[in-house]
**Student:** 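This is the structure I have questions about; it appears just below.
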Amino acid sequence: MSSIQPDRPLSLSQQAVAARPAPYLDGLNPAQREAVEQLEGPVLMLAGAGTGKTKALTTRIAHLLWTQRARPNEILAVTFTNKAAREMKDRVARLMGEAVEGMPWLGTFHAICVKLLRRHAELVGLKSNFTILDTDDQLRLLKQLVAAANIDDKRWPARMLAGIIDQWKNRALTPDKVPAADAGAYDHKGVAIYREYQARLKTLNAVDFGDLLLHMVTIFQQHEDVLAQYQRWFRYILVDEYQDTNVAQYLWLRLLAQGHRNICCVGDDDQSIYGWRGAEVGNILRFEKDFPGAHVVRLEQNYRSTPHILGAAAGVIAANKGRLGKTLWTEAEEGEKVRLIGHWDGEEEARWIGDELEAMGGGTRGMRPVGLNECAILVRASHQMRAFEDRFLTIGLPYRVIGGPRFYERMEIRDAMAYFRVAVSPDDDLAFERIVNVPKRGLGEKALQKMQRAARANGVSLFEGARILVASGELTGKAKGQLAALLEGFGRWHGGALAEADHIELAEQILEESGYTDMWQNDKTPEAPGRLENLKELVKALESFENLQGFLEHVALIMDNESEEEGPKVSIMTLHAAKGLEFPAVFLPGWEDGLFPSQRSMDESGVKGLEEERRLAYVGITRAEELCTISFAGNRRIYGQWQSALPSRFIDELPGEHVEVLTPPGLYGGGYGAAAGAGLGGAGGSEIRSTLHEDAARADGYNSPGWKRLQARAQVRGMSQPKEARNMVIDAEAVSSHAVGERVFHQKFGYGAITGIEGDKLEIAFDKAGVKKVVAKFVVPAASAADDIPF
DNA sequence: GTACCGGTCCTTTTT
DNA sequence: GGACCGGTAC
């Protein structure tokens, strides 16, 4: 293959830079420096949380370039997320100055594999313009196959099959290689569907995410010449988050690194939290065996957290077996101990955290004022977020949820994209099927079946099948007319796409003429305005691309397009989403056995599962820079049912000397004692438990540190009391004076008009935020909003 | 073809 | 509690 192009030589300015002693090395500590300078042979960089791993990694790349060991396009640098890739690119560019041209092979596993696979698609029976299916397409396809094969879709739901197939792909198992035991476990139905699914993908000229890696591994294994080419080309390989690699990624890397063995893997076995989606901690634990003579560097100096936070984290993670082992240390000042507090229930926990957040803005307990932007709430499961959202909405505390459904996963975006896909390539059956009856065109299940039959009978795509169907007269009046109009529309749009007409205009035209925009404009549900907003965003996003094709290609892999409003906000996210981030103040709520560690995790994966949960706890604690607050609730409503729980076993593992117990005795009407006390009653083995016990037992425990803290905080909060008092006044006014039709102002939703009153709740049609129900006391008459409520 | 009702199942998530 | 799916009634 001549597809690899020779690179231009280093530019003059690069050569000049290379000749100088490397100034970037000065900013590194000895371990980082070692990791950067050990360029040849296998290197494992064990980088604990907050030890400057990205710095070491990017400096290493800079060093490769500066010492002219490799040109930018001879370095393969892989990450897991686009975000990480982007950050690395930025930082390398910054280190190198403007002299460096882009690094084409710095990217996610998937993005790099797409690039490679487009070059060699024919080796696995694909055309190089294959499409990439997302999870949704994948499910639809599987559903079709299950239906076609006459398999009971109750016993074999598409979701489950998708999961099974994904896991096989994660392990680099093509249908032929699935071990008999595995196949048997799923009654051989799983493999059968898998085989059909792969065949179907091939005829569709499509791949799913897992295929990107799987196909490349297959190609490398079956075509020595291709592999050899890349082994030579990629002179240095760097891998980020190595503890998260799955078997397929591991094989891919090992194949590429086999020749020169210049591979540097960075990771932290203690932060491996993606086992459930195929990551193999074993990969990192085995590194020295896989690459004999590997140089292992430990980055242990932490630049993020206080000693108390590191101590608490170390205490928890120490309970895991078979770790590679690291001891984080820091030069930071001692700081606050990790705080631990129990609550009666989840609501109270949310209320307490809300109060804390408000108080911290003014500086509490001798701590500097901490803004909302510097705070994060990290939960185990996303349903925990609701309690916080409810509470924060009530008190008007700005928050942002990180994670959630991503922009491109939203229904309206996916629909719009499907329209674009068909406009660009009319043979994209899955996309066509998605939108043929959106908006409703009277083309339901039956009409679709006719199209599919026509397509199959003539061996053409669904789009062509539809055309044949229209011509055949087999479709009745209304449906026929609608379908004909749709096909005609696509004919026009396809022409526009081919002619490279202004793609932004074309996109607007498609959404307009197809009736898609109208559909949402006529939609009365509260989400509709937001969806139209998103569609506008989508069209705006087109601006940075040359044409629709380019955009679609990009979006299939990337697009984390969070439009961010102004103002400081507390972040709420899952522990998983928090990996790699850091915040001055971190709240870790819901530390109850069953919730965290998750019961399901323990049931399904036993000790392995528990250890992964423990790593999650470790990740959580180590996100905190200055203040870390762990909390648990004795009672929680789960699936509408009240359940009581014991404090998490991880709480037992927190070393007493790094923890301050805030829970005061008797504050919760004995509730806490009743809930948590049950678990504490016995021979309270750990220090924390005995401290808790002591607090609970001491009836007059007003000299306990926790109680003093609480009082001190209450005093500080007292200073912000006027705000609340003021709200109360508004409250009194509100209840008496609100009337339907009145213009009001809400701190979060802005201006609106009251459309209904139900007790103390108002239904308000907000100008920007749509119709919402809001507690009356958090709304002021529009006229008095000028002296805004200080929160 | 669509609208509604009742049963079921609930982590974590990137590409 | 609620999202989602499938079945049935219009």
Side-chain angles (χ1 to χ4, degrees), chain A residues 78-85 107-114 117 132-139 143 147 152-154 157-160 162-163 166 169-170 207-214 240-241 244-246 248-249 272-279 346 378-387 390 402-406 408-409 437 440-449 476 478-479 482 554-560 573-580 590 594-605 609 612-613 615-617 619-620 636-643:
Chain A
V78 253
T79 65
F80 274 87
T81 65
N82 293 301
K83 198 173 147 208
T108 64
F109 276 102
H110 296 266
I112 287 170
C113 282
V114 174
L117 192 55
I132 303 162
L133 302 190
D134 55 33
T135 328
D136 224 58
D137 299 323
Q138 203 184 349
L139 280 177
K143 264 185 199 154
D152 179 11
D153 61 353
K154 277 255 162 56
R159 286 201 146 278
M160 177 182 162
D166 266 356
K169 288 188 176 178
N170 285 338
V207 300
D208 63 20
F209 284 121
D211 280 339
L212 292 173
L213 268 142
L214 183 61
D240 194 17
E241 306 279 17
D244 288 338
T245 50
N246 61 32
Q249 288 155 340
S272 163
I273 55 175
Y274 285 109
W276 50 275
R277 65 175 198 213
L378 312 182
V379 298
R380 174 64 182 86
S382 48
H383 63 76
Q384 289 173 261
M385 293 180 182
R386 232 195 33 227
D390 281 354
I402 301 205
R406 259 155 298 288
Y408 67 90
E409 276 169 7
N437 199 30
K440 300 247 183 299
R441 296 189 175 91
L443 298 165
E445 194 59 34
K446 272 199 161 161
L448 187 61
Q449 277 173 11
T476 47
K478 196 179 152 203
Q482 293 262 27
H554 211 67
V555 164
L557 289 169
I558 305 180
M559 193 126 179
D560 25 11
M573 68 189 93
T574 62
L575 286 160
H576 284 93
K579 198 170 103 174
L595 180 59
F596 188 43
S598 136
Q599 192 57 50
R600 181 158 171 188
S601 194
M602 294 186 289
D603 290 348
E604 282 177 6
S605 315
E612 184 154 311
E613 295 285 308
R615 292 193 288 267
L616 214 38
V619 167
R636 205 175 279 280
R637 208 159 50 182
I638 298 167
Y639 309 138
Q641 219 87 325
W642 280 100
Q643 297 194 325

**Student:** With sequence neighbours excluded, tell me which residues meet side-chain hydrogen bond (donor to acceptor under 3.5 Å, both in side chains) with A:Asn170.
**Tutor:** A:Asn246
**Student:** Distance check needed: B:dT13 P versus A:Met573 CE, whole Å only.
**Tutor:** 11 Å
**Student:** Just by modelled atom types, is the A:Ser598 backbone N or O under 3.5 Å from a matching donor or acceptor in the A:Glu613 side chain?
**Tutor:** yes
**Student:** Over all heavy atoms of both residues, which pair between A:Met385 and A:Ile402 is shortest? Give the atoms and the distance, please.
**Tutor:**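 Nearest heavy atoms, A:Met385 then A:Ile402: CE-O, 4.4 Å.
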**Student:** Let me know the distance between CG of A:Asp136 and P of B:dT15, rounded to the nearest Å.
**Tutor:** 17 Å
**Student:** Quick check on side chain to side chain donor-acceptor pair (under 3.5 Å): which of A:Lys579, A:Gln249, A:Arg277 does A:Asp244 satisfy it with?
**Tutor:**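 Filter result, single survivor: A:Lys579.
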**Student:** Please report the distance, rounded to the nearest Å, between CG in A:Leu212 and C1' in B:dT15.
**Tutor:**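 Roughly 8 Å, once rounded to whole Å.
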**Student:** For chain A and DNA chain C, what are the first and last nucleotides along the strand, 5' to 3', with at least one atom under 4.0 angstrom from a heavy atom of the protein chain?
**Tutor:** C:dG1 to C:dG6
**Student:** Just to verify, what does A:Phe80 make a ring-ring contact (aromatic ring centres under 6.0 Å, His included) with, not counting sequence neighbours?
**Tutor:**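 Expected list: A:Phe109.
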**Student:** For the residue pair A:His576 and A:Trp276, categorise the inter-ring angle as parallel (less than 30°), tilted (30 to 60°) or perpendicular (more than 60°).
**Tutor:**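 Because their plane-to-plane angle is over 60°, the rings of A:His576 and A:Trp276 count as perpendicular.
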**Student:** Stem finding on DNA chain B, please: runs of three or more consecutive Watson-Crick or G-U wobble pairs, both distances under 3.5 Å, sorted by first number.
**Tutor:** B:1-10 with C:1-10
**Student:** Please name the pair of heavy atoms, one in A:Ala85 and one in A:Thr108, separated by the smallest distance, quoted to 0.1 Å.
**Tutor:** CB-N, 4.4 Å
**Student:** Please name all residues satisfying side-chain hydrogen bond (donor to acceptor under 3.5 Å, both in side chains) with A:Gln599, sequence neighbours left out, ordered by chain then number.
**Tutor:** A:Asp603
**Student:** Distance-only, no hydrogens or angles: does the A:Asp390 side chain make a donor-acceptor pair with backbone N or O of A:Ala387 under 3.5 Å?
**Tutor:**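 Pair absent, no side-chain N/O of A:Asp390 close to backbone of A:Ala387.
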**Student:** How many whole angstroms separate atom CG of A:Leu213 from atom C1' of B:dT15?
**Tutor:** 9 Å
**Student:** Would you call A:Arg380 and A:Thr574 a side-chain contact if the rule is heavy atoms closer than 4.5 Å?
**Tutor:** no
**Student:** Give a yes/no answer on whether the side chain of A:Asn82 brings an N or O atom under 4.0 Å of OP1 or OP2 in B:dT14.
**Tutor:**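 It does not, given that no N or O in the side chain of A:Asn82 lies less than 4.0 Å from OP1 or OP2 of B:dT14.
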**Student:** Do the side chain of A:Asp166 and the main chain of A:Lys169 share a donor and acceptor less than 3.5 angstrom apart?
**Tutor:** no
**Student:** So which one's nearest nucleotide on DNA chain B is more toward 5', A:Lys446 or A:Thr108?
**Tutor:** A:Lys446
**Student:** Identify all pairs in which a protein N or O lies below 3.5 Å from an N or O of nucleotides 2-12 of chain B, and state each distance.
**Tutor:**
{"residue": "B:dT12", "atom": "OP1", "partner": "A:Ser382", "partner atom": "N", "Å": "2.9"}
{"residue": "B:dT12", "atom": "OP1", "partner": "A:Ser382", "partner atom": "OG", "Å": "2.5"}
{"residue": "B:dT12", "atom": "O4'", "partner": "A:Arg380", "partner atom": "NH1", "Å": "3.2"}
{"residue": "B:dT12", "atom": "O2", "partner": "A:Trp276", "partner atom": "NE1", "Å": "3.3"}
{"residue": "B:dT12", "atom": "O2", "partner": "A:Arg380", "partner atom": "NH2", "Å": "3.1"}

